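Data first, discussion second: the structure below is written as structure tokens.
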There are 2 protein chains.
Amino acid sequence: MQISSQTEYALRALAALALAEHEKPLSISEICKTQKLPPKYIEQIFRKLKKTGLVISIHGSKGGYKLGKDISEISLRDIMASLGENFGSSVCKSNTNYCIGLPCIYESLWDEIGKHLNSYFDSIKLDYIISKY
Amino acid sequence: MQISSQTEYALRALAALALAEHEKPLSISEICKTQKLPPKYIEQIFRKLKKTGLVISIHGSKGGYKLGKDISEISLRDIMASLGENFGSSVCKSNTNYCIGLPCIYESLWDEIGKHLNSYFDSIKLDYIISKY
DNA sequence: ACATTTCATACTAATTTACTATGTTATCTC
DNA sequence: GAGATAACATAGTAAATTAGTATGAAATGT
């Protein structure tokens with residue numbers, strides 16, 4: 001039960017964007033220099049963040065990334081979801097049918113827990129995180 | 001961010017113990033038959049659960065396991081902790097010093113999240129889970 | 001034209017997970 | 001006391017996941 005490095009890196013990078021002037025975009029290399037993050041990995045992560053609208057990109061020279069939403073509208077859950085990290089049980093996945101033919105109480109339990117975690121992670125917004133700086 | 005199979009198996013097995021007569025112990029093989037769990041894996045898991053007092057064991061023939069605490073005093077957090085699954089960040093581990101020399105806001109963030117998750121998982125007790133049967 | 005930077009895919013080393021295999025020790029029943 | 005049963009203990013291992021790297025193409029500013 002850990003926060004993946006992917007998620008933490010995304011969070012750090014987004015925080016860097018949030019703290020920068022929002023006029024001009026920040027390039028991957030600029031972000032990675034100050035935050036000492038692996039650039040090629042961050043590139044991949046940003047492409048995912050772009051697909052869900054968390055960032056927008058400017059192509060070419062002097063290009064880079066800007067936040068796609070207000071800092072009050074980007075939550076830790078949004079980040080995790082963008083990276084494909086949703087909560088679940090590793091046994092009772094919807095398609096494995098571990099409990100086929102049995103009355104499975106666990107599916108509803110994981111569901112309940114998942115809902116709680118999602119709403120909790122959704123309550124942690126980027127503005128709160130950068131307010132700690 | 002998933003519940004490991006280890007945790008789910010432990011939960012299923014403990015639920016089986018909770019639902020059984022608490023007079024006589026249940027053996028690994030009995031538990032695994034009804035719950036279709038891998039016996040040797042469950043053995044290892046039960047040894048960990050024993051170390052933290054969640055179960056007690058009776059050695060030898062006609063032996064097996066019984067719950068070590070009341071069902072209202074065994075939480076999902078207890079189970080996860082017994083299995084060594086605590087919350088954390090995969091980057092900001094206490095000894096990696098990822099942020100050495102920087103003011104690290106993330107450590108306190110993971111700490112805050114960890115505390116929330118721990119108290120949430122602590123609120124989910126075995127009696128609540130088996131009440132769903 | 002050229003440098004810069006995003007975009008896209010493929011590959012890989014290390015770690016973790018979810019087990020299995022093998023053997024030992026303790027206890028009950030006969 | 002012999003044998004069956006079941007916990008105890010450690011080692012090994014195949015598959016999946018994670019956390020990256022490598023290579024190259026496409027777009028844009030100077």
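A note on names: the letters A, B, ... follow the listed sequences, proteins ahead of strands, and every chain is numbered from 1. On a predicted model such as this, the values are computed, not experimentally measured, just so you know.
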Please, which pairs that meet salt bridge (charged side-chain N to carboxylate O under 4.0 Å, His left out) have at least one residue in residues 37-64 of chain B, sequence neighbours excluded?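 Listed once each, the pairs are B:K40-B:E43, B:E43-B:R47.
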Is any side-chain nitrogen or oxygen of B:Y65 closer than 4.0 Å to OP1 or OP2 of D:dA6?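 Checking B:Y65 against D:dA6: no side-chain N or O falls below 4.0 Å of OP1 or OP2.
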For a quick test of reading the model: is some side-chain N or O of A:S5 closer than 4.0 Å to OP1 or OP2 of D:dA19?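 Yes, A:S5 has a side-chain N/O under 4.0 Å of OP1/OP2 on D:dA19.
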With sequence neighbours excluded, residues passing side chain to side chain contact (heavy atoms under 4.5 Å, CB included) with [X]:
| X | result |
| --- | --- |
| B:S75 | B:R77, B:D78, B:D122, B:K125 |
| B:H59 | none |
| A:A18 | A:L67, A:I71, A:L126, A:I130 |

By salt bridge (charged side-chain N to carboxylate O under 4.0 Å, His left out) - contacts of B:K115 (at least two apart):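 Salt bridge (charged side-chain N to carboxylate O under 4.0 Å, His left out) list for B:K115, sorted by chain: B:D111.
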Among residues at least two apart in sequence or on other chains, which ones pass side chain to side chain donor-acceptor pair (under 3.5 Å) with A:S5?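 Side chain to side chain donor-acceptor pair (under 3.5 Å) list for A:S5, sorted by chain: empty.
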Residues in side chain to side chain donor-acceptor pair (under 3.5 Å) with B:D70, at least two apart?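 B:D70 satisfies side chain to side chain donor-acceptor pair (under 3.5 Å) with B:S72 once adjacent residues are dropped.
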A:K132, NZ: over 12 other non-hydrogen atoms inside 6.0 angstrom: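 Buried by this count: over 12 neighbours within 6.0 Å.
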Distance check needed: [N] [atom2] versus [X] [atom1], whole Å only.
| X | N | atom1 | atom2 | answer |
| --- | --- | --- | --- | --- |
| B:K66 | D:dA6 | NZ | C1' | 15 Å |
| B:L49 | D:dC8 | CG | C1' | 14 Å |
| B:Y9 | C:dT17 | OH | C1' | 11 Å |
| B:M1 | C:dT17 | CE | P | 13 Å |
| A:I3 | D:dA19 | CD1 | P | 11 Å |
| A:L83 | D:dG20 | CG | C1' | 15 Å |
| A:K51 | C:dC7 | NZ | C1' | 10 Å |
| B:Q6 | C:dC19 | CD | P | 10 Å |

Going by number, which of residues 40-48 of chain A have a non-hydrogen atom under 4.0 Å from DNA chain C?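 Those residues are A:K40, A:E43, A:Q44, A:R47.
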Please give me every residue in residues 56-63 of chain B whose heavy atoms get under 4.0 Å of an atom in DNA chain C, ordered by residue number.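 DNA chain C contact set from residues 56-63 of chain B: B:H59, B:G60, B:S61, B:K62.
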Starting from the 5' end of DNA chain D, give me the residue, A:E85 or B:I28, whose nearest nucleotide shows up first.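 Its nearest nucleotide lies further toward 5', so the answer is B:I28.
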Taking the side chain of B:K50 as heavy atoms from C-beta outward, which of C:dC19, D:dA6, D:dC8 is closest to it?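 Among C:dC19, D:dA6, D:dC8, the one nearest the side chain of B:K50 is D:dC8.
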Nearest-nucleotide pick for A:S29, side chain only, options being D:dA6, C:dT5, C:dA18: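 Shortest atom-to-atom distance from the side chain points to C:dT5.
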Would you say the side-chain atoms of B:E30 pair up with the backbone N or O of B:S27, donor to acceptor, closer than 3.5 Å?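 Yes; at least one donor-acceptor contact below 3.5 Å.
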